Amino acid sequence: MKYAGLLVMPAGFFLCVTAIVLFSSPVPRTIFVISGLIVELIGLGVTIRAHMAHRGGI
């Protein structure tokens with residue numbers, strides 16, 4: 001799961017970058033950037049949770 005989280009974080013980053021490049025209107029751009037940031041946070045959460053479970057934390 002740790003590797004899945006590490007793969008999801010760049011996906012969120014590239015979602016933000018492509019939204020900035022492709023959308024000229026600010027409303028869809030903002031929505032996609034916020035969703036990209038949420039995807040990055042989910043990936044970070046999965047990575048941290050998998051790392052803590054591996055160490056015996058949670």
Side-chain angles (χ1 to χ4, degrees):
M1 284 302 278
K2 189 186 323 183
Y3 297 116
L6 291 174
L7 290 174
V8 169
M9 285 191 295
F13 172 75
F14 288 120
L15 183 65
C16 291
V17 171
T18 55
I20 291 171
V21 171
L22 292 178
F23 293 119
S24 59
S25 177
V27 174
R29 182 186 303 171
T30 304
I31 292 170
F32 271 88
V33 167
I34 289 172
S35 65
L37 292 174
I38 290 171
V39 168
E40 287 184 41
L41 289 175
I42 290 171
L44 182 64
V46 167
T47 303
I48 290 172
R49 189 139 170 99
H51 182 70
M52 290 181 75
H54 179 67
R55 294 182 70 185
I58 293 178

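All values derive from a computational prediction rather than experimental measurement. Heads up: numbering here begins at 1 and tracks the sequence.
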Using links of under 4.5 Å between side-chain heavy atoms of ILVMFWY residues, direct or through other members, which residues join Ile31 in one cluster?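 ILVMFWY cluster around Ile31 also holds Val27.
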
Using links of under 4.5 Å between side-chain heavy atoms of ILVMFWY residues, direct or through other members, which residues join Val33 in one cluster?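 Members other than Val33 - counting any ILVMFWY side chain reachable under 4.5 Å - are Ile20, Leu37.
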
Which pairs count as ring pair (Phe, Tyr, Trp, His ring centres under 6.0 Å) when at least one residue sits in residues 6-28, sequence neighbours excluded?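 Passing the test, one end in residues 6-28: Phe23-Phe32.
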
Who are the side-chain contact (heavy atoms from CB on, under 4.5 Å) partners of Ile34, not counting sequence neighbours?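 Ile34 satisfies side-chain contact (heavy atoms from CB on, under 4.5 Å) with Thr30, Ile38 once adjacent residues are dropped.
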
Working to the nearest 0.5 angstrom, can you tell me the gap between Ser35 OG and Glu40 CD? 10.0 Å

Find out if a path of hydrophobic residues (ILVMFWY) with successive side-chain heavy-atom gaps under 4.5 Å connects Met52 to Leu6.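 Met52 clusters together with Leu6.
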
Consider only side-chain heavy atoms of I, L, V, M, F, W and Y, link residues closer than 4.5 Å, and tell whether Met9 and Ile48 are in one cluster.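 Met9 and Ile48: one cluster.
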
What's the shortest heavy-atom distance between Leu15 and Thr18, and which atoms?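 Leu15 and Thr18 have their closest heavy atoms at O-OG1, 3.1 Å.
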
